[in-house]
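Here is the naming used below: chain letters follow the sequence lines, and residue numbers restart at 1 for every chain.
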Amino acid sequence: MSAPVLTTPAPDAVVPGRPTVGQRLTSFMPVIALVVLLAALTVADPGFLTLSSLTAAVRTSAPLVVLAAGATLVVLCGGIDLSIAALCSLATVFFALWLPDLGGLTTFAIIAATGAIGALQGVAHVLFRIPSFIVTLGGMSIFSAIALVISDAGPVRVVDRDATNWLTLYVGGVVPMAFVVALVLVAAVSLVLRLTPLESWIRATGYSESAARLAGAPVDRVKIAAFTVSGACAGLAAVMLVSRNFSGSPTMADNLLLPAVAAIVVGGTAITGGHGSLWRSLAGALVVTLLRVGLPIVGVPSAYEQILYGAIIVAAVALTLDRSKVLIIK
Amino acid sequence: MTTNLQTQPDPRVPAPAPALEVRSLVKHYPGVKALDGVDLVVRQHEVLGLAGENGAGKSTLLKALVGLVRPDGGEIWVRGEKVRLRSVVDAADHGIGMVFQEQSLVPNLTAAENIVLGSEGPGVRRGIYRWSTMRRLAQEQLDKIGSHIDPLARTDTLTFADRQMVEIAKVLRIEERTSHPPVIILDEPTSVLESKEIETLFTQVRRLREFASVVFVSHRLDEVLDVCDRVAVLRGGRSVGEVPAADAAPADLHRMMIGSTGSDDHYHGGAGERPDEASRPRLVVRGLSGKSFRDVDLDVHAGEIVGIVGVHGSGREDVCRALFGAEPTTAGEVVLDGEKLDLSGTRAACAAGVGYVPAERKTEGMVGPMSVADNMTLTKQQSRCTGPLVRPRKQATLVDRWIERLSIRTPHRGTAIQSLSGGNQQKVVLARWLVAGDVRLLLLDHPTRGLDVGARSEVYRLMRELADSGVATVLLADSLEEAIGMSDRIIVMSDGRATTQVAAPAGGKPTPLDLVKEMV
Amino acid sequence: TEEAGGGGTAAAAGACDPADVTLVGQVRNESNPYEAAWLDGGDAFAEQVGLTQERLTYDGDSTRQQEQISQLLAGDTECLVMNVLPNGDSDTPPIVEGAEEAGAYLVTQWNKPADLNVTDYDSWLSHITYDGVESGKQIGDALAEAVGGSGGIIALQGILDTGAAKDRFAGLEESLAANPDVELLDDQTANFSRAEALEVTKTLLTKHGDDVKGIWAANDDMALGALEALQQAGRDDVAVVGIDAVPDALTAIEDGTMTATVSSDGPWQGGIGLAIGYCVATGELAVEDIAAEDRAWYAEQFLIEQDNVADFVSPETDEADFACDNLFSRSQGAMS
Amino acid sequence: MTTTSPADADREVVHAGRPRPRRGISLSDAGPPIALVVIFGVFAVLSPDFRTVSNVQNVLDAAAVLAVVTCGISFVLMMGSIDLSAPGIMGASAIAVALLVANNRNDNDFGLFGVAVAVLLGAALGCLSGLALVVLKVPSFMTTLGVSAVGLGVATLMFAGVQPNVTDPMLEGWAVERFLGLAHLTWIAVACVLVGALVQRYSRLGRYAFAIGGAEEVLGLSGVRVAPYKVAVFTMAGAFYGLAGVLVTSQLGAGLVQAGRGYDFSAITAAVVGGTLLSGGRGGILHSVVGVLLVTVLTNGLVQVGVSPYWQGGVQGLIVVAAVAAAVLPQRRRNQVTK
Ligand SMILES: Nc1ncnc2c1ncn2[C@@H]1O[C@H](COP(=O)(O)OP(=O)(O)OP(=O)(O)O)[C@@H](O)[C@H]1O
Ligand SMILES: Nc1ncnc2c1ncn2[C@@H]1O[C@H](COP(=O)(O)OP(=O)(O)OP(=O)(O)O)[C@@H](O)[C@H]1O
Ligand SMILES: O[C@@H]1[C@@H](O)[C@H](O)OC[C@H]1O
Ligand SMILES: [Mg+2]
Ligand SMILES: [Mg+2]
């Protein structure tokens with residue numbers, strides 16, 4: 001069937017709408033925030049800005065980057081995934097328990113398993129229409145309980161380190177492999193989003209779920225996919241944690257939840273959905289990591305460290321959030 | 001104090017200062033001159049109509065008058081005094097109030113609260129609500145317009161029309177606020193009302209004239225001429241003239257709006273070849289039931305436009321949504337081109353070649369912050385993809401072609417759709433179903449809501465051409481006239497049932513009266 | 001690909017100028033009296049040798065602890081001495097390996113996997129802990145005695161995922177075996193937290209009512225929470241025991257509201273770890289010269305009851321405890 | 001023109017779908033209370049210990065602090081914002097009050113005045129979140145997370161390594177003394193709930209908070225400046241957390257930096273389980289109270305029926321999800337937006 005041919009007056013000249021300097025600047029804000037923070041830390045302790053120190057910082061950030069990147073997809077869809085940290089902890093236990101039997105396949109098995117668990121949460125969310133906050137809050141406690149039970153409430157040692165050794169290597173002698181993996185992940189997911197209709201589906205879902213649905217966008221499937229990727233990322237982050245802790249433990253990653261969500265928001269992704277990107281979360285995760293390790297290392301006393309941390313994350317978001325995209329700030 | 005004599009129509013009468021005067025008002029948006037030096041005079045005790053194409057700058061001008069848009073240049077004078085309006089409160093203090101084009105009530109508050117919102121007066125003492133006073137204040141406003149709704153009902157439990165009444169009741173509170181005759185602005189208040197409600201509204205507008213000035217915007221030019229004393233016309237952000245309503249015809253206005261003569265002919269029925277009534281219908285609906293409708297039968301042939309008419313709550317909207325898989329059904333069968341139509345979700349409907357244009361454009365039709373291009377290609381990925389990959393060039397070419405074909409006024413395909421005028425937004429939403437050229441059944445819920453005359457004719461022509469190319473169309477029209485004009489056949493629904501079927505071939509159209517008889 | 005980072009050679013015996021030594025004490029947080037006292041003990045030792053201690057806290061967050069350690073090890077590690085309280089058993093191996101690779105002097109306390117041997121490492125000088133089984137048993141026995149040898153008790157466990165919690169509970173089980181008439185009515189975790197202990201105890205008190213004669217808590221914070229719950233329930237006939245000898249618990253024992261606790265000497269722990277590292281770094285002590293039984297050892301601990309509580313009310317650290325030739329004087333033997 | 005009228009004999013009117021003007025609460029609000037009754041009933045059947053009067057008192061006492069926190073957070077959630085500042089604010093106010101009333105660290109003995117100062121400190125910190133939200137335009141998720149960290153830092157500074165123990169008889173008495181079987185502290189919580197409910201229904205602040213959640217932009221169009229109300233709501237929430245910190249201190253007899261640990265998520269869970277939407281505009285104090293009771297009954301009941309401590313968290317999570325699912329399932333619509 002052919003589209004109708006219309007005879008209408010010529011429209012006004014269509015001028016190309018290039019992003020303005022201001023718009024370009026806001027998209028670089030997360031990076032600017034990162035640089036400013038690094039500069040401030042260096043001023044506080046000139047010894048901080050060394051190659052080995054930076055290497056350690058990016059190595060440290062890798063699991064957080066991966067967790068935040070996965071959860072960013074859920075946030076872009078307008079939801080939230082509070083289960084990532086608990087799922088990651090559970091995955092460290094799985095890893096330690098499965099490694100003796102599965103050997104080199106464990107990593108894939110873990111990522112597949114956590115992806116499936118993430119998908120399950122996604123299905124529960126779209127099928128029963130339970131808010132993602134609740135589904136994943138429930139998931140969080142359920143995964144913690146399972147981890148506690150199967151690990152017998154204790155760490156499970158990983159004796160055979162061959163399966164994770166590759167993550168502890170350095171590319172070109174300086175760039176930690178774990179961080180390279182995190183980078184590749186962010187790049188790959190971003191690329192897939194950009195090159196396929198997924199990006200517009202995800203944004204549409206996040207900005208206006210009902211409009212997206214009525215436009216025939218596969219809203220439910222997109223959401224389930226986002227939860228799946230988020231889960232899989234939790235699994236990958238777990239492998240990274242195991243590679244540096246040589247054990248799995250039922251609470252290992254639990255404290256990474258708020259930093260991961262903070263990383264997403266500090267990157268300038270709107271917590272209400274639609275606007276944001278994985279790259280922003282990468283920058284956000286680096287900012288959060290620098291705050292977590294940098295402040296105490298440069299000698300800020302513990303009590304002041306917390307006060308500074310609080311002030312800086314708020315300031316960072318004030319800098320990075322593009323308010324032209326998010327009209328109402330809740 | 002200045003008295004601007006040159007704008008007074010009758011130099012013999014010592015004229016009072018105009019209620020409101022706008023001089024060379026300018027407002028730029030990125031890529032658009034929304035207002036390009038507008039001049040406008042609103043006299044005391046008159047109803048001034050404001051006409052203009054979609055995107056001519058009407059809403060922008062009016063928003064500037066209530067302090068919501070800060071102009072880049074020009075002056076606003078109120079009763080001979082130059083003013084700067086910084087906020088809605090500022091404007092209200094000068095006696096200017098507005099009913100917005102998009103409904104603006106707080107859904108989870110009571111009607112009473114919405115009516116007094118922001119100017120509760122004695123309804124709130126020291127931060128404490130006095131519900132009975134509040135209720136009384138609201139009731140007074142509702143009485144003015146003869147509305148019988150419960151002031152303490154939650155606003156989101158009211159019908160659309162009742163909500164519109166609440167908006168009008170709300171703006172009338174301006175009277176209580178100022179000793180001067182107020183200026184009341186109504187931006188397309190009728191686009192969502194039924195004819196009976198429109199009559200009520202007009203009675204109000206005429207009553208308002210006794211003590212106030214009214215600025216009235218509508219795309220229904222006959223309406224504008226009916227209720228207004230004088231009509232000013234905007235084009236491309238400039239004032240292009242004004243006419244006394246008494247000696248103008250819709251066609252005159254239209255000519256001023258677009259700068260040439262246009263046709264305002266709904267009655268395209270019969271332009272193309274009539275579908276073969278004997279052939280098997282493209283869409284066959286049998287015994288369809290859902291929450292708000294029961295046992296609906298409906299046939300639509302390829303190339304046919306079937307209008308469904310009914311009062312609010314007749315359930316026609318839900319029938320449409322059900323056919324698109326957006327509303328659950330409890331019984332019935334739907335067959336499209338001989339195949340059972342999967343009603344389980346919108347995806348399945350899209351895949352089967354069903355398209356749907358929802359009535360609530362802002363919340364359901366478009367994704368505001370996303371670009372025109374992305375909105376247009378959101379559904380039909382094949383139109384911009386090769387395999388699973390998006391081809392930006394392919395998308396750009398396609399989108400630009402449709403921007404041109406439908407004369408969508410947008411600075412760029414990458415512009416966020418929310419910054420377009422309502423009419424242009426609607427065209428983008430319609431285009432969404434056309435880009436792939438594979439729609440077999442199109443469900444149009446108020447597709448011309450808020451469109452200017454020109455845009456509306458374009459949409460009509462488009463619908464007709466789609467029909468001629470074989471698309472089956474179900475139309476929930478904006479007005480009975482539209483339904484009659486566009487449809488080949490009309491189904492009357494009432495209380496969730498399809499009660500009557502009226503043939504409406506070209507040359508044999510029923511009158512609105514015929515239909516109204518069946519609707520109640 | 002190759003390894004980067006500050007990797008130095010294993011430091012068997014250091015040759016650092018005493019002024020170049022960096023002292024780092026790391027505990028969970030400063031908002032816990034016991035751990036704050038630990039860091040203060042570290043400060044006291046640092047002052048003794050004319051240095052300052054870098055105080056690190058990780059807020060009970062395992063990952064954050066690792067992050068801080070690896071950041072620390074990325075800096076100058078030549079004369080770095082770390083006295084670390086690992087958050088859980090599983091947090092110890094990476095800290096140890098990191099220190100070993102960077103050649104930093106490390107002493108750990110409390111938590112370590114049983115099969116991780118200090119003697120396999122050069123930079124990991126020593127691991128110090130208290131015998132959790134023993135302390136759990138001691139207070140268990142004290143509790144059994146306080147309830148007159150028979151009756152119901154409830155147990156409040158620590159963070160389930162820690163060796164300390166498990167060992168102490170194992171000690172309670174030993175004690176129960178030795179006191180067959182004492183019945184364990186219920187055991188719940190209150191995560192070493194005073195607030196959680198309050199809630200759990202309240203619930204268990206309504207559940208078991210007057211059957212409860214005693215409460216065994218895996219640390220004093222929980223014991224203090226349990227005491228509040230008892231007070232709120234108007235019960236003064238229940239014996240309570242804990243572990244750590246925090247000041248409030250000692251006061252409660254003096255007052256007679258609490259039965260017993262076991263000493264854990266925070267200030268000493270904060271000092272001794274740094275002292276061991278300092279002595280090795282400055283060459284006053286060689287790793288090879290540390291006896292195998294001093295590489296992983298139980299520190300001296302005492303059961304504190306009303307009759308001996310006065311001796312512990314103001315614990316002082318003796319500078320002599322930190323002399324390089326007297327470092328292991330508080331040992332009660334190698335970890336089993 | 002042809003007209004066909006299929007006039008049905010048994011023509012019945014289909015009512016659903018036509019919106020009916022409604023006041024106040026509707027059937028869709030009944031889910032959480034029903035869930036509460038069901039869960040209470042199940043535990044009562046399973047455990048004789050659970051259904052005793054003293055345990056019911058215990059449950060109510062145990063719900064007190066969470067109820068006060070939830071009072072504060074409900075207003076924030078009603079606006080569609082979120083508040084994670086409870087742990088920090090409670091920690092700061094807990095230490096502050098412990099140091100202001102008679103205690104073992106200093107010679108202060110300010111009694112009720114000390115309590116007021118602690119509550120004001122909470123309000124001030126809450127105000128800080130609100131200001132950062134409206135002035136810096138930073139989402140509340142972040143401002144409150146930041147303020148929580150600031151509160152913990154302030155608390156740690158005041159704590160200074162030595163536990164402040166409360167010796168003030170009034171504050172200690174709140175947790176111990178009883179009236180009609182409930183601790184004074186519980187009555188304080190009841191009073192908070194009442195005040196909260198009144199504020200919600202009869203004050204402009206409460207109604208505007210509700211309206212902000214419903215359609216913030218519309219308030220602007222009506223000439224209402226929302227910023228001061230937002231700040232006020234966060235300030236009020238902070239005051240509730242401050243009071244909650246005082247109550248925890250009264251219960252524990254000591255000021256703890258961790259006094260508020262975990263209360264942020266439990267309060268949000270309670271509010272949501274009670275039917276307050278995270279997207280704002282629905283629910284309220286009384287809804288949240290049902291949620292608080294539900295969560296507390298669950299915590300207590302699982303201990304009473306003897307579920308293993310390892311599993312308790314998991315079972316609780318499962319039941320919360322199931323309860324919410326059961327409550328929302330009947331209202332499920334095809335094109336519903338679930339965030
Ligand atoms: N916030 C905005 N940002 C950018 N452009 C805008 C904005 N608001 C309006 N415009 C542009 O200004 C022009 C005038 O829009 P306006 O809404 O005033 O038109 P209108 O005459 O009311 O049209 P309609 O009849 O469709 O309502 C349009 O081209 C529109 O795209
Ligand atoms: N189940 C429902 N719950 C709440 N509101 C509903 C429901 N079904 C329909 N409505 C609302 O009731 C109003 C009337 O719906 P209906 O589809 O029956 O009207 P209509 O005949 O299409 O009228 P219109 O002339 O406005 O198109 C609409 O505003 C619709 O959104
Ligand atoms: O109370 C202490 C607890 O916090 C730590 O985990 O282990 C030792 C205990 O005594
Ligand atoms: Mg307009
Ligand atoms: Mg309709």
Heavy-atom distances under 4.5 Å only: say whether D/M142 touches chain A with side chain, backbone, both or neither. both

Out of A/A262, A/S144, A/A147, which one racks up the most heavy-atom pairs below 4.5 Å with chain D? A/A262

Contact part of D/V154 toward chain A, heavy-atom cut-off under 4.5 Å: side chain, backbone, both or neither? both

If every non-hydrogen atom of A/L321 is compared with every non-hydrogen atom of D/K137, which pair is closest and at what distance? CD2-O, 3.9 Å

Proximal component of D/V147, with respect to chain A [non-hydrogen, under 4.5 Å]: neither

N/O donor-acceptor pair under 3.5 Å between D/S93 side chain and D/G242 backbone: yes

Among D/P139, D/G151, D/G280, the residue with the most heavy-atom pairs under 4.5 Å to chain A is D/P139

Mark yes or no for whether D/Q258, through its side chain, and D/G91, through its backbone, hold a donor-acceptor pair below 3.5 Å. no

Proximity breakdown for D/Q312 and chain A, heavy-atom pairs closer than 4.5 Å: neither

Non-hydrogen atoms of chain D under 4.5 Å away: do they reach the side chain of A/L82, the backbone, both or neither? side chain

Residue, of D/I82, D/I319, D/L278, D/V320, that accumulates the most heavy atom pairs under 4.5 Å with chain A: D/L278

Search all heavy atoms of D/V295 against all heavy atoms of D/A270 and return the closest pair with its distance. CG2-CA, 4.1 Å

Is there a donor-acceptor contact under 3.5 Å from the side chain of A/H125 to the main chain of A/I130? yes

Which atoms of D/L128 are under 4.5 Å from chain A, going by heavy atoms: the side chain, the backbone, both sets, or neither? neither

Who wins among A/G138, A/A316, A/S141 for the most heavy-atom pairs under 4.5 Å with chain D? A/S141

Interface residue of largest heavy-atom contact number with chain D, from A/I271, A/L137, A/V266, under 4.5 Å: A/L137

D/I212 versus chain A, the contacting section by heavy-atom distance below 4.5 Å: both

Tell me whether A/S230 contacts the main-chain N or O of A/A226 through its side chain, where contact means a donor paired with an acceptor under 3.5 Å. no

May I ask you to decide if D/T144's main-chain N or O and D/S148's side chain share a donor-acceptor pair within less than 3.5 Å? no

Could you walk me through whether A/V135 and A/F227 pass the side-chain contact (heavy atoms from CB on, under 4.5 Å) test, one step at a time? CA-CA 11 Å; A/V135 174; A/F227 278 98; over 6 Å; no

